[in-house]
2 protein chains.
Amino acid sequence: MNKNGDLNLPLVKDYIPHLAYDSVIFGCNGEQLKILILEYHNTNLFALPGGFVKRNENLDSAVARGLRERTGLDHIYLEQFHAFGDTLRSRPEVMKTLLKANGYEVPEDYWLLQRFITVAYYALINYDEVQPMPDALSDSINWYSIEELPPLIMDHSVIVKTAVQTLKDNLEKKLVGMNLLPAKFTMRELQQVYEAVLGEKLRRTTFQRKILGLDILSRHEKLFSGGAHKAPYLYSFK
Amino acid sequence: MNKNGDLNLPLVKDYIPHLAYDSVIFGCNGEQLKILILEYHNTNLFALPGGFVKRNENLDSAVARGLRERTGLDHIYLEQFHAFGDTLRSRPEVMKTLLKANGYEVPEDYWLLQRFITVAYYALINYDEVQPMPDALSDSINWYSIEELPPLIMDHSVIVKTAVQTLKDNLEKKLVGMNLLPAKFTMRELQQVYEAVLGEKLRRTTFQRKILGLDILSRHEKLFSGGAHKAPYLYSFK
DNA sequence: GTTTATTGTCTCAATTTATTACAATAATAC
DNA sequence: GTATTATTGTAATAAATTGAGACAATAAAC
């Protein structure tokens with residue numbers, strides 16, 4: 001940590017200059033679609049978790065690595081959705097502010113103060129199985145409902161909007177539910193994921209018939225208990 | 001041109017290093033979906049048209065500029081679909097070969113020989129309205145059916161495959177036909193575009209009913225003549 | 001004038017989706 | 001224990017969409 005002055009700033013010799021990635025990490029608590037947002041030390045600045053690509057590292061691998069470091073999870077569902085490359089998206093003064101807040105004075109030509117193109121990915125993880133870890137520069141990392149995000153730095157709000165739209169568009173063909181839910185789940189839980197992503201209520205009987213008709217679920221005879229009503233089946237993806 | 005030695009090689013001071021774009025430019029001749037492929041001087045190497053991003057230029061603007069230079073068209077339908085960033089996609093020996101074939105000896109550390117991440121876009125243009133222009137390094141630029149492409153350098157075949165799949169996925173929601181056809185067209189021509197993109201025959205009556213049901217076409221009383229049969233209506237997009 | 005190929009539209013069948021209904025049942029209240 | 005409550009699984013029916021074929025209309029070729 002920076003208290004001891006032993007946090008090493010990333011050096012351009014190790015990374016591809018001008019290139020970053022940002023990740024929109026989705027989870028679902030059963031009611032709302034949420035994403036992980038981090039807050040930088042002493043700045044009140046909120047941002048998407050992101051990082052840089054090493055000189056000899058695949059772009060996809062860099063993102064997977066960053067995600068592993070933050071969530072402890074490996075083999076996460078991860079999909080690239082857009083590269084953001086406007087000149088005005090880079091805001092050197094923002095980067096300077098958050099470096100300064102952590103006790104760093106960097107030269108004017110420090111590589112992180114230059115223009116960056118970012119490639120954005122979204123990830124789907126099981127909300128309950130993650131204990132997110134802040135990085136060296138950030139204070140906290142927390143779940144926020146996509147309806148109630150804090151103001152984000154630079155163009156990160158646009159990145160989130162684009163991610164949510166992409167998730168909606170891909171809902172049918174990419175088995176989103178599989179990655180946002182635990183291994184076994186009820187039909188109701190699956191429907192709630194769909195509703196959280198689409199932002200609208202669905203008709204129960206139609207949803208059930210459609211999903212079962214896709215022939216992608218296995219039904220388990222083991223029943224879930226806990227509600228004052230008939231116990232539902234548990235399902236898993238085939 | 002290089003004969004006179006007065007073609008200037010691009011300098012890294014003007015461009016963002018390690019970052020390129022490639023464009024998959026679609027057209028439709030009425031039967032087949034085609035794309036523009038360029039062939040480099042004296043090399044027998046075929047590639048997608050691409051380029052680099054200037055230091056103070058938006059990513060999207062760079063691609064639009066490249067397209068304008070090659071097709072003479074402005075306001076082209078252009079959509080980003082994927083960034084390719086594997087370490088192994090860059091093949092410095094290929095770049096060296098084609099520079100050499102044009103009479104250039106470049107130093108080992110020349111920026112174009114380094115690793116590149118490319119952001120790929122697809123464009124939709126009206127096949128008949130374009131007179132494509134080769135660039136300084138390339139011999140020719142020609143339409144090729146997506147079924148019969150020459151072998152392409154580096155990962156350009158993968159880029160094309162991804163573009164075609166993206167186009168299929170977007171066929172319904174993005175009014176692809178509008179950008180591949182002239183302003184006025186017959187129902188048959190529109191159907192042929194759909195068939196070329198999907199790679200399958202569609203039923204005439206069903207297609208017509210579906211398209212008209214979308215309420216996106218204006219019908220013009222002016223009739224097209226030329227065939228030994230009833231003259232069809234001309235349509236345009238609303 | 002006859003033939004030919006294609007067009008615009010209609011009909012009916014097949015399939016899919018929407019809506020309603022209802023019995024089954026696990027927990028709770030009593 | 002029994003009635004109550006909320007939710008579940010499934011069936012039945014209505015509505016909408018799509019598939020497949022039929023047919024008259026007609027511009028050009030012969």
Side-chain angles (χ1 to χ4, degrees), chain A residues 28-32 168-169 171-173 175 177 181-238, chain B residues 28-32 168-169 171-173 175 177 181-238:
Chain A
C28 184
N29 72 343
E31 308 248 316
Q32 292 174 305
K168 277 189 196 180
D169 293 345
L171 186 55
E172 301 301 320
K173 47 178 184 258
L175 292 188
L181 287 170
K184 292 188 177 180
F185 49 87
T186 64
M187 188 60 71
R188 164 179 273 247
E189 287 170 328
L190 183 58
Q191 183 175 341
Q192 282 176 330
V193 169
Y194 272 71
E195 290 175 342
V197 171
L198 293 175
E200 60 177 322
K201 289 288 171 193
L202 300 174
R203 192 165 284 267
R204 184 179 63 92
T205 53
T206 308
F207 178 79
Q208 185 142 343
R209 180 167 40 78
K210 195 168 171 181
I211 292 288
L212 290 177
L214 294 177
D215 203 37
I216 53 173
L217 295 185
S218 302
R219 176 182 279 183
H220 302 268
E221 280 303 328
K222 226 174 87 184
L223 301 179
F224 168 84
S225 281
H229 50 78
K230 180 175 176 179
Y233 288 110
L234 286 177
Y235 295 88
S236 64
F237 286 94
K238 273 185 181 167
Chain B
C28 184
N29 71 344
E31 310 248 317
Q32 293 173 304
K168 277 189 198 181
D169 292 346
L171 185 55
E172 301 301 320
K173 48 178 182 260
L175 292 189
L181 287 170
K184 291 189 178 180
F185 49 86
T186 64
M187 188 60 70
R188 163 180 274 248
E189 288 170 328
L190 183 59
Q191 184 175 340
Q192 282 176 329
V193 170
Y194 272 71
E195 290 176 341
V197 172
L198 292 174
E200 61 177 320
K201 289 287 171 194
L202 300 175
R203 191 163 283 270
R204 184 179 64 93
T205 53
T206 307
F207 178 79
Q208 185 142 343
R209 184 179 42 191
K210 195 168 171 181
I211 293 288
L212 290 177
L214 294 177
D215 202 37
I216 53 172
L217 296 186
S218 301
R219 176 183 279 182
H220 302 268
E221 280 302 329
K222 225 172 86 184
L223 301 179
F224 168 83
S225 282
H229 51 76
K230 181 175 176 179
Y233 288 110
L234 287 177
Y235 295 89
S236 63
F237 286 94
K238 272 185 182 166

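So you know, we letter chains A, B, ... as the sequences are listed, proteins then strands, and number each from 1. No hydrogens, no waters, no symmetry mates; every other heavy atom, side chains included, goes into these values.
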Item to check | All side chain to side chain contact (heavy atoms under 4.5 Å, CB included) counterparts of A:Thr205, not counting sequence neighbours | outcome: A:Arg203
Next on the checklist: With a 4.0 Å limit, can you tell me whether B:Arg203 has a side-chain N or O closer than that to the phosphate oxygens OP1/OP2 of D:dA20?
Outcome noted: yes
Next on the checklist: Can you tell me how far apart CE (B:Met187) and OH (B:Tyr235) are? Round to the nearest 0.5 Å.
Outcome noted: 4.0 Å
Next on the checklist: So, using salt bridge (charged side-chain N to carboxylate O under 4.0 Å, His left out) as the criterion, who are the partners of A:Lys238 when residues are at least two apart?
Outcome noted: A:Asp215
Item to check | A:Arg209: partners by side chain to side chain contact (heavy atoms under 4.5 Å, CB included), with sequence neighbours left out | outcome: A:Thr206
Next on the checklist: Tell me every residue that passes side-chain hydrogen bond (donor to acceptor under 3.5 Å, both in side chains) with B:Asn29, counting only those two or more places apart in sequence or in another chain.
Outcome noted: none
Item to check | Which residues share a side-chain hydrogen bond (donor to acceptor under 3.5 Å, both in side chains) with B:Lys201, sequence neighbours left out | outcome: none
Checklist outcome for this item: side-chain hydrogen bond (donor to acceptor under 3.5 Å, both in side chains) filter on A:Gln208, not counting sequence neighbours, yields none
So which protein nitrogen or oxygen atoms get under 3.5 Å of nucleotides 13-16 of chain D's nitrogens or oxygens?
none

Checklist outcome for this item: In whole angstroms, the gap separating P of D:dT8 from NZ of A:Lys230 amounts to 10 Å
Next on the checklist: Just to verify, what does A:Tyr194 make a side-chain hydrogen bond (donor to acceptor under 3.5 Å, both in side chains) with, not counting sequence neighbours?
Outcome noted: none
Next on the checklist: What is the distance, to the nearest angstrom, from the NZ atom on A:Lys201 to the P atom on C:dA18?
Outcome noted: 17 Å
Next on the checklist: As a test of reading the structure: which of C:dG8, D:dG9, C:dT7 is closest to the side chain of B:Arg188, going by heavy atoms?
Outcome noted: C:dT7
Checklist entry - Considering only heavy atoms, which members of residues 204-218 of chain B lie under 4.0 Å from some atom of DNA chain D? => result B:Thr205, B:Thr206, B:Arg209
